[in-house]
Amino acid sequence: MYAQESLFAKLKSECLAYLSEQDVNAVYQAFLCAFEAHKPQKRKSGDPYIIHPVAVARILASLHMDKPTLMAALLHDVLEDTPVTESELTEQFGEEVTALVDGVSKLTQMKFADRAQAQAENFRKMALAMVQDIRVIIIKLADRLHNMRTISVLKTEKRKRIATETLEIYAPIANRLGMHDFRVEYEELSFSALFPMRYRILRGALTKLQQERATMVDTIAHALTDCLQSHTIEKFELVHTDPHLYGVYQNMLHKRLSFHEVMDKYRFWLIMPDVDTCYRTLGAVHHLFKPVPERFKDYIAIPKANGYQALHTTLFGPHGIPLEIHILTDQMHKMATNGIAAHWLYTSFTHLQDAADPKVRAKAWLQNLSEIQTHTGSSLEFIESVKTDLFPQEVYVFTPMGNIVELARGATPVDFAYAIHSDIGNTCVAAKIDRRLAPLNTRLMNGQSVEIITAPGARPNPTWLNFVATGKARSNIRHFLKQQKRVESVNLGRQLLAQALQVLGRITIEDISEDDWAPILAVTQHKQVDDLLESIGLGTQVPQVVAQRIISTLEEPAPKKSKSRTRKKPPLMITGSEGMLVEFAECCRPIPGDLIIGVLNNGRGFVIHHQNCANMIKACDDPEHYIPVRWEENISGQFRVDLKIELINQRGALAAITAAIASSLADVEDISASETDERYHTLYVTLLVRDRIHLARVLRRLRRLKVVHRLNRRHLK
Ligand code: MN
């Protein structure tokens, strides 16, 4: 059994390097709590469990993370795995630490099923979105790092699962946050866990190469050091690096390069106290070894998209071997390796107001990246995407099956329902959030699981439009309501038509077959029966007229015996304002007061003729086409009527006629003349009159004229 003190000793001395004794004591209290809570537990390796939280805290101490972060790191598994409760934590360590522990526990609870692999991207976004406090992510990353360092004790299957998850989720998150060292270590450990053979072979090849190169590396390092010192550059750090094996492996795999092609260069980092020295160093090394033309990159003046800054140059080293040199400041180096965590590590950032607030830190990191970028006018895309990751506009929730759904911030269960499927949205009646019934207008929060309860026949409520947050829900609801209006119009139209048919008393709508509808639809210019019913419902078609049309169409081929019944048809009342469906025959031009008859003709609509129309005599062979019609009383408007006037051929005759018409308050719409013989003229006049009485007055006035020889309405027998 380890003694408590010795377990804490290393962490303690690491903390004392940058924290006050008082702070270190607070960290120790957290350690004691975790120690007690985890006492009965053992790691898979057989070690006491407390080894793990202490190791996590030490990783974070190496990043100089603050006191609450270290305390939370020590306590990060107690809520999950021990009887210690949230309120006990709050009581002993305060809300800040408890919130961090709670955040880490929630992240841990997010399980990564195989099925969800395709959702890795969403998962990363969600992980970032779920935390209000970036320190939660950093603790979680450290937690994962230690678990990866000790992964060898796990069984093969679990080891592969954890390693895959690390590659797909944690490495990209670390990369996103600029934590390069974490990323590299994740990738190395995952690579070795997933492909132990390949890893071992590459490791062996690298070790062999390093041995072969050791003398040369020494020679170059000495040459570089001497060179810099001769240029009075004394304070610097020289690091020889090799690319990490997962990177080498990726290059071999995707660029189809051999190991030696990937490893063709010697790489050195020269870490300088300031930017000025970086440029002086560049001059010095260019003086020492000849630079390869066009391989120099000034990423200090023009940083890479992720904010990375350094001078890169390639030199012809001793015996012409390629030498890649990266020159950068200490601060750039820390930013390049620790990313967002460098804001805790690097003291020059602590001048920030509210530096203790992790949100301020995270924002400062972004601000810093963004300043570097705007300063140099390069792409802001990366910054924008990181910004949306850290301060997202979306919420991420789970389906009952564990799939992740991304929704706009402020989204409600209704938005969720429509995001799943429009049918679910249209029939949703209630929702469960985290298994509890909740109102449909509840704003969803990250990480909640949402279940929609639907009911067959349920329909969207127009009031949903007041609270939905997504365009998809909005447009679906609108579409449905519009559809609904149509459904209602069609229903109303159907009722009106049924009623009209009932009055006529012969057939019902159900009796009408598809074939029977076709000619009716052709006349009314509707594509479908529902379209026709809709226009009846909306009032643009007169149901009686349609009913009459249906009857006449259906009874066209009917046997003779129905003739007698035809006469019993109740007359359809005509107002003259039916619109397109009812037209007045051009030949006889009936006017209110005339005896009229309706004629249905396929393709011509419903035409009103004068009962004495000359044309009607011919049509009389087929009485099934007739519809009894009658004028409504009190019809307003003007109706055309054609007159044929034979007048004596004398001067002023035409003037007398028009004067007589005008005096009887009728308008002349058209007038034409033809000479019958020397004595008589024939005049054809189209007048606008109100009705038969009005016409009678006009005719009386005309007959009084001496010039009028004969006078009658045209086309009437
Ligand atoms: Mn853990």
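Numbering of ligands and ligand atoms starts at 1, following listing order.
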Step through the shown structure and confirm whether more than 12 heavy atoms of other residues, nucleotides or ligands are within 6.0 Å of CD on Gln41. yes
Determine, for Phe191 and Arg198, whether the Lys NZ or Arg CZ falls below 6.0 Å from the six-membered ring centre while staying within 45 degrees of the axis.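 Cation-pi check for Arg198 and Phe191: fails.
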Got an N, O or S from His146 under 2.8 Å of the Mn ion (ligand 1)?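 Coordinating: no.
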Find, among atoms of Asp77 that are N, O or S, the one nearest to the Mn ion (ligand 1), and state its name.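 Of the nitrogen, oxygen and sulfur atoms in Asp77, the Mn ion (ligand 1) lies nearest to OD2.
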For the Mn ion (ligand 1): the N/O/S atom of Asp143 at shortest distance: OD1
Which value, rounded to the nearest 0.5 Å, describes the distance between Ile151 atom CD1 and Lys44 atom NZ? 11.5 Å
For the pair Arg135 and Glu96, find out whether any cationic side-chain nitrogen is under 4.0 Å from an anionic carboxylate oxygen. yes
